[in-house]
Amino acid sequence: MTYFLQVFGCQMNRSDSERIAALFESLGLSPADKMENADIAAVVMCSVRQMAADRVFGLEQKFKQIKKKGSKFKTILTGCVVESDKPRFTKIFDHVLDIKTLNDWPRILNLGASLRGLNPRDIANNDYFHILPKQSSKFSALVPISKGCDNYCAYCVVPYTRGPLVSRPAKDILNEVETAVKNGAKEIWLLGQNVNNYHHGKNDFAKLLAAVNDIEGDFWIRFTSPHPKDFDDKTVETMAKCAKVTPYLNLPVQSGDNAVLKAMKRPYTVAAYKKLVKKIRQTFKKYRTGLEKQVAISTDVIVGFPGETKAQFQNTAKIFKLAKYDMAYIAQYSKRSGTAAAKLDDNVPSTEKKRRENAINDIVKITAMSHNKKYVGKTAAVLVDIVKGKFAFGKTRSYKTVKFPIGRAAIKPGNIVNAKIITAMPFGLEGEMI
């Protein structure tokens, strides 16, 4: 039998897909090159926006076409599934399964016995993290440190689909990182819906970061997604002091207006956020040298949240100019059923949302360019992720994309090479190997 995985959304969904692959292959299934050639298709869905859900609804016709050919094709939906969407999904998919029940899928799908050696308690407790992942990348490992979220932001369905925050034991996380590093991982991503709210026993996020940093090996540490309210001075200092933690941070702001933040149920003020950004930049300057003193900060922002006035949007523009982000993930607000914000009047016209998105993007282009110009003439380590023709593409430790010619050099994904930066652009750099 064969399987095919279709993954939408965030890195946590990608991480879950790696455990699904490991489960299937432990049961003797092999990966198919495309959905049409698979016996089982598992879709890991994202529900953050209605558009993401619509992409999954759009698979219905494809499933029907495959089944018309007389195959025994079976379909599974998992990931972030909103309860109100399930009745429609059950008409499209043969099975709609919670990812937390992954240990029990062999029984549910009639694929044979569960994984050999799996503790029955793990099945009862829905602890699917004990299934070691089949990493989709040989050099970048996705390591969940928690699952779920307790924040209930007004626009987000994650707490309803993933449940409350549950942190993994530190020893399990460290063992998974050690295994990944021994298998050649050069980059470790620590994942959580609220990653810096990690707590297990006496371990908090700062202690966990330090412990991962102490693991032997030459690798980089990154993490996502943090919440501004859960950054304390200890965590900021630990980030800056740990040499393997890269000088890059995605710090979601969502809005630069206090009234909008309150409506979003984001429990911090603009003043507190500004103070945190300043603290992070000062701390990296204190403990790092060279290019690493310039910590790169990206953010997430929603424009056109229900009730957001033009004056309130201007407050968001102001914080973008002040924070001087290296990159921003800009989303136009869209109603998502099941969230608190869905009850509000989505009264900002789509044309105005687009104007606000463009205005924010214009600010980021200016601030990103000012940061990137500082790289010209400097040498940066680049972790290669793509080799295409005569060029390689990769990320610096500060998560900036670099393109450089490789000539006849035997460069491949996973190599870390030094590149001298020649040209700066707002969202990328060009260089040459040295």
Side-chain angles (χ1 to χ4, degrees), residues 10-12 15 129 133 135 139-151 165-182 185-252 275-289 291-300 326 381 383 395-399 416:
C10 67
Q11 287 174 303
M12 185 65 81
S15 173
F129 287 133
Q135 290 183 1
F139 60 86
S140 184
L142 305 175
V143 182
I145 69 171
S146 62
K147 58 184 177 182
C149 183
D150 297 330
N151 291 317
L165 187 141
V166 178
S167 297
R168 296 178 68 189
K171 63 180 179 62
D172 291 350
I173 297 167
L174 298 176
N175 286 340
E176 191 168 325
V177 173
E178 287 177 352
T179 299
V181 172
K182 287 178 182 177
K186 298 295 184 182
E187 178 182 67
I188 301 293
W189 279 94
L190 303 179
L191 306 182
Q193 271 81 31
N194 187 3
V195 70
N196 58 328
N197 193 28
Y198 173 87
H199 286 91
H200 194 280
K202 295 181 180 180
N203 291 297
D204 57 15
F205 187 62
K207 287 183 179 178
L208 180 67
L209 267 186
V212 175
N213 186 77
D214 288 341
I215 292 174
E216 291 186 10
D218 181 18
F219 62 95
W220 301 354
I221 302 170
R222 305 190 193 276
F223 60 85
T224 195
S225 292
H227 198 297
K229 73 176 178 62
D230 294 313
F231 264 109
D232 55 19
D233 290 351
K234 177 184 174 185
T235 299
V236 174
E237 290 224 349
T238 301
M239 285 174 56
K241 287 180 178 179
C242 290
K244 291 174 183 173
V245 175
T246 57
Y248 167 72
L249 174 66
N250 176 258
L251 188 65
K275 184 178 179 181
L276 176 58
V277 170
K278 184 177 180 181
K279 173 71 176 180
I280 292 168
R281 293 200 186 281
Q282 288 178 338
T283 306
F284 269 80
K285 286 180 180 177
K286 178 180 178 181
Y287 291 108
R288 299 290 179 108
T289 60
L291 287 174
E292 303 250 328
K293 282 180 171 287
Q294 182 184 313
V295 59
I297 301 179
S298 66
T299 196
D300 299 345
D326 291 73
L383 175 58
K395 297 285 190 183
T396 66
R397 282 173 54 84
S398 53
Y399 209 60
I416 295 178

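Only this structure's heavy atoms are used, side chains among them; waters, hydrogens and symmetry mates stay out.
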**Q** Which residue pairs pass the salt bridge (Lys or Arg N to Asp or Glu O under 4.0 Å) test with at least one member in residues 222-237, sequence neighbours excluded?
**A**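 Every pair satisfying salt bridge (Lys or Arg N to Asp or Glu O under 4.0 Å) with a residue in residues 222-237: Glu187-Arg222, Asp204-Lys234, Glu237-Lys241.
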
**Q** Lys244 side chain to Asn213 main-chain N or O, any donor-acceptor pair under 3.5 Å?
**A**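 Yes; at least one donor-acceptor contact below 3.5 Å.
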
**Q** What residues, two or more places apart in sequence or in another chain, satisfy ring-ring contact (aromatic ring centres under 6.0 Å, His included) together with Tyr399?
**A**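 With sequence neighbours excluded, Tyr399 shows a ring-ring contact (aromatic ring centres under 6.0 Å, His included) to Trp189, Tyr248, given in chain and number order.
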
**Q** Using the ring-ring contact (aromatic ring centres under 6.0 Å, His included) criterion, which residues pair with Phe205? Sequence neighbours excluded.
**A**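 With neighbours one apart ignored, the set is Phe223.
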
**Q** Can you name the residues that form a side chain to side chain donor-acceptor pair (under 3.5 Å) with Lys186, not counting sequence neighbours?
**A**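 None.
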
**Q** Asn203 and Ala170: which non-hydrogen atoms are nearest, and at how many Å?
**A**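 Closest approach of Asn203 to Ala170: ND2-CB, 3.6 Å.
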
**Q** Is the side chain of Thr179 donor-acceptor paired with the backbone N or O of Asn175 at a distance under 3.5 Å, no angle test?
**A**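 Yes, the answer is positive, given that a donor and an acceptor are paired below the 3.5 Å cut-off.
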
**Q** Taking side chain to side chain contact (heavy atoms under 4.5 Å, CB included) as the definition, give me every residue that meets it alongside Ala381, ordered by chain and number, with sequence neighbours left out.
**A**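 Once residues adjacent in sequence are excluded, the partners of Ala381 under the side chain to side chain contact (heavy atoms under 4.5 Å, CB included) criterion are Trp220, Ile416, Asn418.
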
**Q** Is the backbone of Tyr198 close enough, under 3.5 Å, to the side chain of His200 for a donor and an acceptor to pair up by distance?
**A**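 Absent.
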
**Q** Restricting to pairs with a member in residues 207-218, which pass salt bridge (Lys or Arg N to Asp or Glu O under 4.0 Å), not counting sequence neighbours?
**A**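 Every pair satisfying salt bridge (Lys or Arg N to Asp or Glu O under 4.0 Å) with a residue in residues 207-218: there are none.
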
**Q** Taking side chain to side chain contact (heavy atoms under 4.5 Å, CB included) as the test, write out the residues that go with Ala185, two or more places apart.
**A**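 Applying side chain to side chain contact (heavy atoms under 4.5 Å, CB included) to Ala185 gives Ala141, Ala180, Ile188.
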
**Q** Could you pull out all residues at least two apart from Asp326 that satisfy side chain to side chain donor-acceptor pair (under 3.5 Å)?
**A**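 Result, side chain to side chain donor-acceptor pair (under 3.5 Å) vs Asp326: Lys400.
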
**Q** Run the ring-ring contact (aromatic ring centres under 6.0 Å, His included) test against His227 and tell me which residues pass, sequence neighbours left out.
**A**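 With neighbours one apart ignored, the set is Tyr268.
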
**Q** Only counting residues at least two apart or in another chain, list the ones meeting side chain to side chain donor-acceptor pair (under 3.5 Å) with Thr224.
**A**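 In terms of side chain to side chain donor-acceptor pair (under 3.5 Å), with neighbours along the sequence ignored, Thr224 is linked to no residue.
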
**Q** Looking at every heavy atom in both Pro228 and Leu276, which two are closest together, and how far apart are they?
**A**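 So the minimum-distance heavy-atom pair works out to O-CD2, 3.7 Å.
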
**Q** Treating Lys293 as the side-chain partner and Arg288 as the backbone partner, does any N or O pair qualify as donor plus acceptor under 3.5 Å?
**A**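 Side chain of Lys293 to backbone of Arg288: a pair is present.
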
**Q** Could I get the full list of side chain to side chain donor-acceptor pair (under 3.5 Å) partners for Gln135, not counting sequence neighbours?
**A**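 Side chain to side chain donor-acceptor pair (under 3.5 Å) check on Gln135 returns nothing, list empty.
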
**Q** Heavy-atom distance under 4.5 Å between the side chains of Pro144 and Arg168, does that happen here?
**A**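 Result yes, sub-4.5 Å side-chain heavy-atom pair found.
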
**Q** Please list, chain by chain and in numerical order, all residues satisfying side chain to side chain contact (heavy atoms under 4.5 Å, CB included) with Val166, sequence neighbours excluded.
**A**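 Testing Val166 for side chain to side chain contact (heavy atoms under 4.5 Å, CB included), a comparison that skips the adjacent residues, returns Lys147.
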
